[in-house]
Amino acid sequence: MAPNPRVLKAFSAMNNLGIATERVKPVLKRLLLLYDKNWELIEEGNYRALADAIFDDADDELTSEKNGDPVPPSEKLHGKRPKVTSTKDNGIKNLELEGDKIPQSSNRTRLVDVHHAPVQNEGLHGRETIRDCNFDNVINTSKKQRINCSPQFSLPASNVGPGLVETVLFREKTEKNEGSGSAHDYSTTFQTIHDIASSTCGRVIVSIKCHRTLLQHNFHIPNINDVLKFMETKYPISDNIFGPQFSLVKYLKKICEGYVEFEDILADRSLSSNLPYNDIHQTSAPKRDYLRIDYPARDMEKKVVNYSGSSDSVALVVAQRQPVNKISGKRAVGNRISDITNGTEKVSISLLDEIGGEDLPKFTYVPENIIYQSAYVHISLARIADEDCCSSCTGDCLSSSVPCACARDTRGEFAYTPEGLLTEEFLRSCISMKQKPQEHYQFFCQDCPLERAKNAYSPEKCKGHLEKKFIKECWRKCGCNMKCGNRVVQRGITRKLQVFMTNQSKGWGLRTLEKLPKGAFVCEYAGEVLTNMELYERNNSSTGKYKHTYPVLLDSDWCSEKILNDEDALCLDATYYGNVSRFINHRCFDSNLLEVPVQVETPDRHYYHIAFFTKREVDAYDELTWDYGIDFEDHNHPIKAFQCSCGSENCRDNGKKIVTSMF
Ligand SMILES: C[S@@+](CC[C@H](N)C(=O)[O-])C[C@H]1O[C@@H](n2cnc3c(N)ncnc32)[C@H](O)[C@@H]1O
């Protein structure tokens with residue numbers, strides 16, 4: 001018998017939606033039974049009822065796959081709907097009709113534009129197969145763009161439940177839809193906040209809708225680009241998300257959740273830092289590079305860099321690649337660590353490698369400096385004289401009309417504003433000193449500990465040390481409380497930071513996940529406190545890639561005594577024990593961070609803290625950099641500098657390197 005042309009047409013319509021004939025057959029049979037062979041009801045709205053019933057079946061299959069995870073009532077269809085149970089082995093359904101009423105129009109319209117969303121006939125198991133699908137093609141914020149994933153995929157009948165923010169696949173409204181009396185009257189309950197993509201002529205649109213009640217409760221709609229950036233951080237593209245388990249709908253759901261979560265973060269921030277909300281929205285999407293980059297074998301190199309940038313300065317930073325950890329021999333593609341601090345900081349600091357090609361760093365995270373062995377760091381209340389603290393203060397020293405003794409080092413003015421930022425003036429003078437060190441006072445040791453460490457028998461003359469500007473924070477012997485505005489660095493990291501794999505051959509880097517105002521404290525350079533002699537010995541005794549260290553000299557007081565004891569000439573080394581600052585890369589001149597010496601618990605300046613502050617406002621997701629002060633022209637320098645790829649217009653590295661060894 002020739003097949004019924006109406007049946008064939010129904011199959012064809014469903015095939016166009018990516019639904020295999022085998023799946024259509026039982027549902028069509030069931031509907032014909034229910035509708036008493038009334039084809040009009042089935043054909044109506046381009047077979048909407050048929051498609052809905054099939055999608056609902058797929059919903060139910062998905063539900064049964066959820067292993068007891070109950071489906072929210074809102075996800076269930078309203079009215080008595082035919083329910084099917086699936087026999088997975090042959091793909092044919094056993095029908096169990098729960099009711100005999102004609103199915104209502106679905107509360108979710110979910111037709112896809114068949115011409116522009118190529119589909120495969122694998123059925124609707126809720127686990128659609130997407131390969132090589134560039135999500136950027138789906139989510140295009142500037143132009144309405146058709147869904148264009150290749151090869152083909154099929155959309156499941158959804159997990160799109162009526163949450164507060166929903167990604168909705170919906171068909172352009174028809175008179176029928178509007179009058180369908182669906183349980184979700186989207187036009188009144190939800191407001192479209194962003195159209196993600198649409199088919200040609202806008203016949204099918206994927207959009208984000210937000211529940212109106214949410215909007216009435218101070219829910220500021222985040223910018224889609226910011227949400228996507230947030231999503232990329234949370235669910236990195238490189239995390240194999242397009243593997244066989246990938247679900248487009250689940251990803252869209254996560255985007256909805258991302259809106260809510262991201263808005264929470266914005267709300268928190270606007271409360272805590274008074275940042276203008278709109279500023280946060282102005283951040284542009286980060287550049288993404290999915291290319292795998294092969295790095296040169298830089299971890300074998302040792303680099304000492306000139307701290308002041310002037311050729312005659314001797315304050316040295318040894319900026320080395322860290323020893324690497326070949327964890328299970330695994331490369332780092334998609335590596336993600338939720339908190340590299342192991343809970344030692346007040347905030348979690350994640351590590352993310354979206355590029356791959358680098359091994360995980362191996363070091364022990366320490367949130368504050370730790371003495372290696374011989375360094376003399378004597379912290380005692382007895383050493384803090386009355387003039388070195390403000391024991392008679394109460395509350396917040398910054399609010400006092402007369403600056404207390406702790407402001408003495410900053411010429412009677414506190415370096416911090418009540419908002420906890422560096423004052424303009426203090427920042428300006430520190431930046432000037434960094435940019436034009438030759439215009440600032442330098443002192444010369446009679447017996448320079450650095451030269452002594454390099455050559456104990458016939459040390460060279462001191463090359464000079466910059467007289468640095470210091471901050472002196474209130475501390476234990478002070479009468480003020482912990483909320484005193486003159487206590488910033490000692491409170492530790494508060495900003496949202498992330499270690500990430502740079503795509504400019506620099507290895508790991510540090511970025512901020514939030515917008516930072518000018519003068520904001522970011523982190524301290526923490527590591528082992530070593531004497532210069534110990535550093536010398538450490539470098540001499542270690543070999544290969546483990547030879548390389550990260551010391552920063554604490555040379556601010558080296559001129560104060562005729563001959564400085566070895567145990568008083570200190571430096572910080574973050575190679576084996578360090579904090580997040582060990583990931584901050586170098587940038588010539590226009591780095592966004594500045595290092596500032598800060599005295600906290602010791603009155604003398606043999607030992608102090610190195611704190612990083614922002615030199616200007618920094619956008620969320622920007623890499624944080626500081627100028628190591630490398631003099632790339634100094635070919636006589638004992639350590640070969642790395643080939644700089646800072647990207648600055650004013651990069652000092654002209655590419656000529658001389659290989660020498662340190663000490
Ligand atoms: C303090 S570490 C910074 C973190 C480092 N990128 C890592 O992966 O551990 C300094 C090292 O990073 C690399 N580096 C930092 N800034 C760089 C730059 N502008 N260009 C190239 N490499 C850089 C160099 O290998 C340098 O020795």
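Along the sequence shown, residues carry numbers from 1. Note that these values count all heavy atoms, side chains included, but never hydrogens, waters or copies made by symmetry. Atoms within each ligand, like the ligands themselves, are counted from 1 in listed order.
Each of the atoms 1 (C), 2 (S), 3 (C), 4 (C) of ligand 1 lies under 4.0 Å from some heavy atom of Arg582. Listed by number with element, the atoms of ligand 1 under 4.0 Å from a non-hydrogen atom of Asn585 are 3 (C), 4 (C), 5 (C), 6 (N), 12 (O), 13 (C), 14 (N), 15 (C), 16 (N). Every atom of ligand 1 with a heavy atom of Gln643 under 4.0 Å away is listed here by number and element: 20 (N), 21 (C). If you number the atoms of ligand 1 from 1 as listed, the ones under 4.0 Å from a heavy atom of Cys646 come out as 19 (N). Atom numbering of ligand 1 starts at 1 in the shown order; those under 4.0 Å from a heavy atom of Cys644 are 19 (N), 20 (N).
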Report the C-alpha separation of Thr423 and Glu413 in whole Å, then their side-chain angles, then the decisive distance to 0.1 Å, and conclude whether the side-chain hydrogen bond (donor to acceptor under 3.5 Å, both in side chains) test is met.
-> CA-CA 9 Å; Thr423 62; Glu413 300 282 339; over 6 Å; no
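In this structure, Glu649 places its CD atom where only 12 or fewer heavy-atom neighbours from other residues, nucleotides or ligands lie under 6.0 Å away.
By heavy-atom distance, the residue among Phe583, Tyr628, Phe642 lying nearest atom 10 (C) of ligand 1 is Tyr628.
The N/O atoms of Arg587, backbone and side chain alike, include none that comes under 3.5 Å of an N/O atom in ligand 1. Considering backbone and side-chain N/O of Trp508, one or more are found under 3.5 Å from N/O of ligand 1.
Aromatic ring centres of His606 and Tyr608 lie farther apart than the 6.0 Å criterion allows. Taking the six-membered ring wherever Trp is involved, the centroid distance between the rings of Phe500 and Trp508 does not fall below 6.0 Å. Annotation: Phe583 is in aromatic contact with Phe363 [ring centroid separation under 6.0 Å].
Panel note: side chain Gln599, backbone His609; no donor-acceptor pair is recorded below 3.5 Å.
Ring geometry, Tyr376 versus His378: the interplanar angle exceeds 60°, so the pair is classed perpendicular (tilted spans 30 to 60°).
Contacts of Thr502 with ligand 1, taken as heavy-atom pairs under 4.0 Å, are absent altogether.
The closest approach between a heavy atom of Pro361 and any atom of ligand 1 is not below 4.0 Å. Using a 4.0 angstrom heavy-atom cutoff, Ile584 counts as in contact with ligand 1.
With no hydrogens or angles considered, no side-chain donor-acceptor pair links Ser374 and Glu567 at under 3.5 Å.
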